[in-house]
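Have a look at the structure below, then the notes.
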Amino acid sequence: MKFAQIILPLNLQGTFTYSVPEAITDLLLPGMRVLVPFGGKKIYTGIVFRTHDEAQDAFVPKEIISMLDDSPILPQEQLEFWAWLSDYYLCNMGEIYRLAFPGSLKLESETYLKLKPNVVVDFENLDVHEMYLIQALEIRQLINLSEIEAFIPKKEIIKTINSLIDLQYIEVDEKITEKYKAKEVAYVRIKDPEAVRAQLPEILLQLKRSPKQQELFMMILQMHTENPETQIRKSHLLDDGNFAHSQLKSLVEKDLVEEYFLQVDRLESYEGETEQLEELTEEQKRARNEIVAAFEEGKNVLLHGVTSSGKTHLYLENIEETVAAGLNVLLLLPEIALTKQTAVRLEKKYGQALGFYHQKLSDFERVEVWRRIRNNEIKVLVGTRNALFLPFRNLGLIVVDEEHDTAYRPREVAPYFNARDSSLILAEFYGGRVILGSATPSVESYWLAQNDRLKLVTLSERFGKVSLPQFELIDFKEAQQRKKVSGNFSQHVLDEITENLQQKNQVMILHNRRGYANVVECETCGHVSYCSNCDVIMTYHKFSNELKCHYCGNKSSKPSNCPKCNAENLNTRGVGVEQIHEEVSRLFPDAEVDRMDVDSMRRKFAYEKLYEKIESGETDIIVGTQMISKGLDFDHIELVTIPRADHMLYVQDFRAEERAYQLITQVSGRAGRVSGEGKVLIQTYNPQHFIFQLIRENDPREIYTYLLEERKKFNYPPYTKTILIELKHRNEAKADRASQFLGSVLRKYLPPECILGPEKSPVGKINLLYQYQILIKLPRGKFYKIYKNYIKESIEEFEEITAYRSVKRYIYVDF
DNA sequence: AGCACGCCGACT
DNA sequence: GTCGGCGTGCTC
């Protein structure tokens with residue numbers, strides 16, 4: 001007898017042992033999907049992690065119902081990667097499985113059964129449930145498991161199915177692929193061009209009373225006349241909002257126009273000509289040679305290139321070389337909105353061999369990418385962090401663009417992992433190489449480069465030898481004393497904005513705080529509104545006239561009177577981006593001022609619309625949160641100002657200075673991309689602050705030296721490895737007690753200086769859950785693994801206490 | 001994670 | 001008298 005360790009899509013520790021039916025013992029391989037019963041009535045699609053012959057005595061393993069793949073859907077490298085992730089990030093493989101697979105590749109009780117063709121059923125020897133199921137299948141060809149529940153008791157379902165599969169009467173329907181239809185796109189054409197031409201006056205007369213239809217008809221006719229070969233996409237015709245669907249429908253009904261459909265690839269791959277890259281500059285050539293040399297040494301690369309230095313160009317060169325060597329490439333981007341520019345260039349190069357994978361794809365589209373990757377049809381895949389889990393073959397290169405971006409390690413989705421760090425491991429399993437690229441590398445990556453674990457390659461010139469923007473610090477306190485201030489802006493900044501507007505330049509204003517004001521306060525009694533679910537003050541959003549909680553999304557309308565003492569004089573404190581936007585609009589009444597933040601971009605296509613408005617030059621001033629620091633590469637932005645730069649430093653986070661540096665540098669990179677005369681004005685109460693001074697001097701080496709010294713001084717990463725454990729419960733005392741207990745267990749095993757807390761989290765309550773945290777700082781090197789095993793043991797000990805089982809537990813490794 | 005079982009309160 | 005709340009235990 002043979003056994004298999006199966007990964008199930010459940011948040012449970014470890015794998016589960018199943019026995020392998022004799023018929024497939026020689027066929028079953030790690031990485032294949034199998035159907036297994038679990039618990040009383042559930043059926044799951046599991047993944048074979050490994051097969052073995054170690055007999056089991058603690059329990060009787062159940063048997064695998066069926067094998068779903070002829071060959072492993074998941075390559076060995078991915079299985080090793082999952083195991084590594086689960087071990088390193090202290091999460092379960094089931095969580096990874098859930099995240100990694102598109103829904104329809106891990107069907108559960110939705111799995112369909114069918115009769116085997118040409119079977120003769122011997123009803124005499126069937127029990128009543130088996131008979132029901134066969135009869136049901138004779139009527140309907142496919143039945144899924146939850147439908148079977150209607151006529152067979154839950155506990156009997158698995159037994160019934162198993163016995164019928166054993167008797168070779170039925171089988172699991174595996175043709176998942178047949179369930180998706182090819183996507184079709186609607187096109188429009190003149191139904192009978194000859195006839196139309198002959199009878200045009202009559203037709204126009206017929207359409208006299210519907211001018212819109214006439215206009216639309218003429219437009220289609222004109223398009224046809226100009227180029228009879230072009231296909232006219234229906235959506236393009238209606239997109240600009242000039243015509244309504246009903247008008248087109250009328251034309252179709254009048255038999256003048258007809259609609260037809262063409263199948264397109266769901267992923268809308270590029271179908272045009274592919275083109276060659278432009279030549280590299282001298283500096284880029286040097287960098288390229290350094291990358292080649294590093295790869296030959298077996299080293300991965302940290303590509304530190306100032307904004308607009310042509311990092312993408314270098315990526316493309318390396319991608320091309322990798323593909324030419326017969327290997328495949330993964331290009332990771334922090335968010336899908338950034339794919340636009342990169343994608344255009346890659347499409348021209350790789351056409352159909354390019355794939356995309358990100359959160360916005362539908363399940364079918366995801367499966368399609370899976371299929372194409374498995375068939376080795378995709379040479380270059382552009383995607384967000386989940387693309388790490390695709391079943392790559394021959395992965396030769398991973399490029400992680402904007403590697404400093406925090407989108408690579410979101411705290412909100414389980415399992416927690418850092419896609420940038422993980423990509424280094426994944427590449428190792430595949431024997432591939434990695435390029436981490438950024439204009440502002442993370443302190444951690446920079447440190448790795450300093451310690452020879454990554455090869456640092458630098459691009460310090462902007463493309464076309466354009467100068468970097470000039471930084472200027474404005475002492476806001478001094479400006480206030482000299483009364484040269486209007487609201488949040490010093491006169492100097494206002495003058496600069498005015499001048500730029502006169503020269504028809506665009507201006508960007510960064511203010512990284514959502515809403516209008518942080519606090520609405522009653523002047524009489526001092527009352528402020530707290531979120532009812534969280535331990536947080538509600539932020540005032542004037543645009544929607546609401547108080548919003550930025551942690552749980554809770555909203556309430558803004559009160560006009562104090563809810564406590566009913567006084568009318570409510571005051572606001574703290575400046576948000578809405579207020580800056582309002583102020584700038586007032587100060588520059590003739591300018592077109594637009595706001596870009598998550599709140600204003602929530603509506604569909606809001607981002608695309610504003611993007612085009614800025615691109616066309618219609619917008620004069622863009623006021624926004626950190627959102628404006630990404631992806632807005634326009635030629636006419638000459639001035640960037642940060643009116644309240646100090647905000648960024650007053651965050652309780654050991655990365656606050658690093659983030660401020662990255663944000664300021666990224667946003668300043670938008671200025672003077674073509675002219676080379678960009679300017680960045682930073683208003684601050686602390687112009688002496690080291691980080692501002694360093695940013696102004698713009699010497700990266702100095703900045704990283706400073707940031708690293710600070711990290712070293714306070715024992716933060718990269719000098720230590722951190723693990724944050726959060727415990728949450730709706731009963732505060734219970735959360736407190738649980739964290740005290742876990743803390744005491746940890747202290748049993750770990751040196752006391754490694755453990756900070758337990759203590760109440762900075763935000764003590766979110767979504768009605770009270771949260772307590774323990775921060776663990778571990779030394780790097782060989783003790784790390786030992787200590788981490790102690791942590792695992794401590795958590796197991798903690799889990800044995802049944803009273804704390806309802807306490808939610810979150811672990812963030814390298815948070 | 002999901003589900004069953006079992007124990008307590010608030011309702012037709 | 002029952003319905004359903006969630007604490008507890010179990011799943012190969």
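Chain A is the first sequence line, chain B the second, and so forth, proteins listed ahead of strands; every chain is numbered from 1. Because the structure is predicted, anything quoted here is derived from the model rather than measured.
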| Please give, in whole Å, the distance from C/dC12 C1' to A/Leu35 CG? | 15 Å

| Carboxylate-amine/guanidinium proximity below 4.0 Å for A/Glu732 and A/Lys760 | yes

| Angle class for the A/Tyr749/A/Tyr790 ring planes (parallel below 30°, perpendicular above 60°, tilted otherwise)? | parallel

| task | Grab the CD1-C1' distance between A/Ile43 and B/dC3 for me, whole Å please. | result | 15 Å

| query | Separation of A/Ile64 atom CD1 from C/dC12 atom P, in whole Å? | reply | 13 Å

Pairs under 3.5 angstrom, nitrogen or oxygen only, protein versus nucleotides 5-7 of chain C, please.
| unit_1 | atom_1 | unit_2 | atom_2 | d |
| --- | --- | --- | --- | --- |
| C/dG7 | OP2 | A/Arg730 | NH2 | 2.7 |

| query | Less than 6.0 Å separating the ring centroids of A/Trp370 and A/Phe101? | reply | yes

| query | Roughly, in whole Å, what's the span from CZ in A/Phe38 to P in B/dG2? | reply | 11 Å

| task | Could you tell me the separation between the OH atom of A/Tyr804 and the P atom of C/dG9, rounded to a whole number of Å? | result | 15 Å

| Please give, in whole Å, the distance from B/dA1 C1' to A/Lys808 NZ? | 12 Å

| query | Roughly how many Å is it from CG in A/Leu8 to P in C/dT11, rounded to a whole number? | reply | 13 Å

| Between C/dT11 (P) and A/Ile6 (CD1): distance, integer Å | 18 Å

| Ring centre gap for A/Tyr357 and A/Phe392 strictly below 6.0 Å | no

| message | If you only use heavy atoms from C-beta on, which nucleotide in C/dT11, B/dG2, C/dC12 is closest to the side chain of A/Tyr44? | response | B/dG2

| With distance as the sole criterion, is a donor-acceptor pair present between the side chains of A/Asp814 and A/Tyr88 under 3.5 Å? | yes

| message | Is A/Arg805 close enough to C/dC10 that one of its side-chain N or O atoms is under 4.0 Å from OP1 or OP2 there? | response | no

| Heavy-atom pair of closest approach, residues A/Thr45 and A/Tyr97 | O-OH, 2.6 Å

| remark: Among C/dC12, C/dG9, B/dA1, the one nearest any side-chain atom of A/Phe16 is C/dC12

| request: Can you see which heavy atom on A/Asp405 is nearest to which on A/Pro334, and at what distance? | output: CG-CB, 3.5 Å

| request: Scan A/Tyr18 against the nucleic acid and name what it touches under 4.0 Å (heavy atoms): base, sugar-phosphate only, or nothing. | output: sugar-phosphate

